[in-house]
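Notes follow the structure.
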Amino acid sequence: MRLTVKNITKSYGKKQILKGVNYEFESGKIYGLLGRNGAGKTTFFNCVNKDIFPDTGEIYLDGKALDIEDIGYVVSTPVVPAFLTAREFLKFFIDINMDKISNLKPIDEYFDIVGIKMEDRDKLLKDYSHGMKTKMQVIINLIAKINVVLLDEPLTALDVVAAEDMKNLLRAQRDERIMIFSTHIMELALTLCDEIVLLKDGRFEKLEMHDSDGNKLSDEEIRDTIISALKDGEA
């Protein structure tokens, strides 16, 4: 699969956030989207997810207009139905999305995958922590056959062990989906992502991770390159 983003622009009043974003994303990779605070990462995600409309530009999936049903969005502040239990929520989601689910597993297997304990599975979601709500968001995007998964700072509320488990889960799912992972934490991008995209001055720039001879740069060299590139940007 290929997600093509062509000339996306977006302004709020007189401030132009996205100034002509162009990129091609492919399944089989996790893309890290890095930028300074206010650079427009969430604005870009909202344009892809059709929460807002870009001023100009087009987004295609395999040459066709991107459909809202192709998109899964794990937001940084998770929203879940407060007065359903986690088990009720998953059952409801599965029931209404049955036509999009292949190789359906027992509900408890999905809880096992993201590390939600047995004693928490029948609790009301209003009593879940921020990190547990994030896990629920991830579960529903992995149960259904979602082609494009947007992940906006999904690991910041997880403890070290849960974050590592989640990274392994995302890696295992990347062949079947296009995954774009927004973060401001370089270590996460370096340890999780196959390709890093910098958002600076309202445009995307692919981070080169090899030198002119084709040798992979060290993590320290990549960090220095990212910091230098983003310092040069406006945002």
Side-chain angles (χ1 to χ4, degrees), residues 1-13 15-35 38-80 92-104 137-154 170-183 189 192-207 235:
M1 279 186 298
R2 187 183 298 268
L3 180 73
T4 303
V5 178
K6 296 181 67 174
N7 195 36
I8 295 295
T9 65
K10 183 63 184 178
S11 297
Y12 296 103
K15 183 170 179 60
Q16 190 172 19
I17 305 299
L18 303 178
K19 302 178 182 179
V21 169
N22 294 278
Y23 214 80
E24 288 201 345
F25 301 92
E26 299 177 353
S27 55
K29 292 182 180 180
I30 299 175
Y31 293 84
L33 180 59
L34 285 179
K41 300 185 296 295
T42 298
T43 295
F44 171 70
F45 275 2
N46 286 337
C47 287
V48 175
N49 195 49
K50 303 181 185 293
D51 289 330
I52 60 175
F53 292 99
D55 299 328
T56 66
E58 298 169 307
I59 304 174
Y60 299 104
L61 183 65
D62 288 341
K64 299 179 181 178
L66 182 63
D67 191 290
I68 189 65
E69 292 190 356
D70 288 317
I71 308 164
Y73 193 1
V74 179
V75 298
S76 55
T77 305
V79 178
V80 292
F92 173 74
F93 180 84
I94 289 169
D95 287 346
I96 65 173
N97 290 280
M98 189 62 72
D99 59 330
K100 303 174 191 173
I101 302 172
S102 57
N103 302 317
L104 180 64
Q137 278 196 323
V138 171
I139 289 177
I140 63 172
N141 282 289
L142 297 183
I143 289 175
K145 187 180 179 183
I146 302 294
N147 291 320
V148 179
V149 181
L150 310 173
L151 301 126
D152 191 0
E153 302 282 359
L170 296 175
R171 291 187 191 104
Q173 296 288 331
R174 63 186 163 191
D175 288 344
E176 303 171 9
R177 299 170 173 83
I178 295 166
M179 290 188 174
I180 309 174
F181 181 95
S182 167
T183 183
L192 175 63
C193 301
D194 303 290
E195 190 168 308
I196 295 175
V197 183
L198 304 180
L199 176 52
K200 51 178 286 190
D201 297 336
R203 295 178 175 87
F204 279 1
E205 178 182 307
K206 179 180 176 181
L207 179 70

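Residues take their numbers from the sequence shown, with the count starting at 1.
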Test item: [X] and [Y] side chains (from C-beta on) under 4.5 Å apart, heavy atoms:
X      : Y      : answer
Ile146 : Ile71  : no
Val197 : Tyr23  : yes
Ile94  : Leu104 : yes
Lys29  : Arg174 : no
Ile178 : Val149 : no
Leu61  : Asp67  : no
Phe45  : Ile180 : yes
Asp62  : Tyr60  : no

Any side-chain to backbone donor/acceptor pair from [X] onto [Y]? Under 3.5 Å, distance only.
X      : Y      : value
Arg177 : Leu142 : yes
Gln137 : Val75  : yes
Asn22  : Asn7   : yes
Thr9   : Gly20  : no
Asn46  : Asp51  : no
Asp70  : Asn147 : no

(request) Could you tell me how the ring of Phe25 sits relative to the ring of Phe44: parallel (under 30°), tilted (30 to 60°) or perpendicular (over 60°)? (result)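 Geometry flag for Phe44 against Phe25: tilted rings.
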
Hey, could you give me the [atom1]/[atom2] distance between [X] and [Y], rounded to the nearest 0.5 Å?
X      : Y      : atom1 : atom2 : result
Leu34  : Cys193 : CG    : SG    : 7.5 Å
Leu151 : Ser182 : CG    : OG    : 9.0 Å
Leu192 : Asp194 : CG    : CG    : 8.0 Å
Ile30  : Arg171 : CD1   : CZ    : 7.0 Å
Met98  : Phe93  : CE    : CZ    : 11.0 Å
Glu176 : Ser27  : CD    : OG    : 10.0 Å

(request) Please step through side chain to side chain contact (heavy atoms under 4.5 Å, CB included) for the pair Ile17 and Tyr12, ending with a clear verdict. (result) CA-CA 7 Å; Ile17 305 299; Tyr12 296 103; 3.5 Å; yes

(request) Please check if any side-chain donor atom of Asp152 sits under 3.5 Å from a side-chain acceptor atom of Thr42, or the reverse. (result)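 Yes - a donor-acceptor pair under 3.5 Å links their side chains.
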
(message) Under 4.0 Å between a side-chain nitrogen and a carboxylate oxygen: does that hold for Asp55 and Lys10?
(response)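 Yes, Asp55 and Lys10 are salt-bridged.
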
(message) Using a strict threshold of under 4.0 Å (side-chain N to carboxylate O), is an ion pair present between Lys6 and Glu58?
(response)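 The answer is no: the pair does not qualify as a salt bridge.
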
(message) Evaluate Glu26 against Met1 for side chain to side chain contact (heavy atoms under 4.5 Å, CB included), listing each step before the verdict.
(response) CA-CA 6 Å; Glu26 299 177 353; Met1 279 186 298; over 6 Å; no

(message) Quick check on Phe53: does its CZ atom have over 12 non-hydrogen neighbours (other residues, nucleotides or ligands) under 6.0 Å away?
(response) no

(request) Give the minimum heavy-atom separation between Leu18 and Cys47, together with the two atoms involved. (result)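 Smallest heavy-atom distance, with atoms named: CD1-SG, 4.4 Å.
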
(request) Could you tell me which non-hydrogen atom of Pro54 sits nearest to which non-hydrogen atom of Ile8, and how far apart they are? (result) CB-CG2, 3.9 Å

(message) Between Met179 and Gln173, does the side chain to side chain contact (heavy atoms under 4.5 Å, CB included) criterion hold? Intermediate values first, please.
(response) CA-CA 9 Å; Met179 290 188 174; Gln173 296 288 331; 3.5 Å; yes

(request) Walk me through it: do Phe204 and Leu199 pass the test side chain to side chain contact (heavy atoms under 4.5 Å, CB included)? (result) CA-CA 5 Å; Phe204 279 1; Leu199 176 52; 3.7 Å; yes

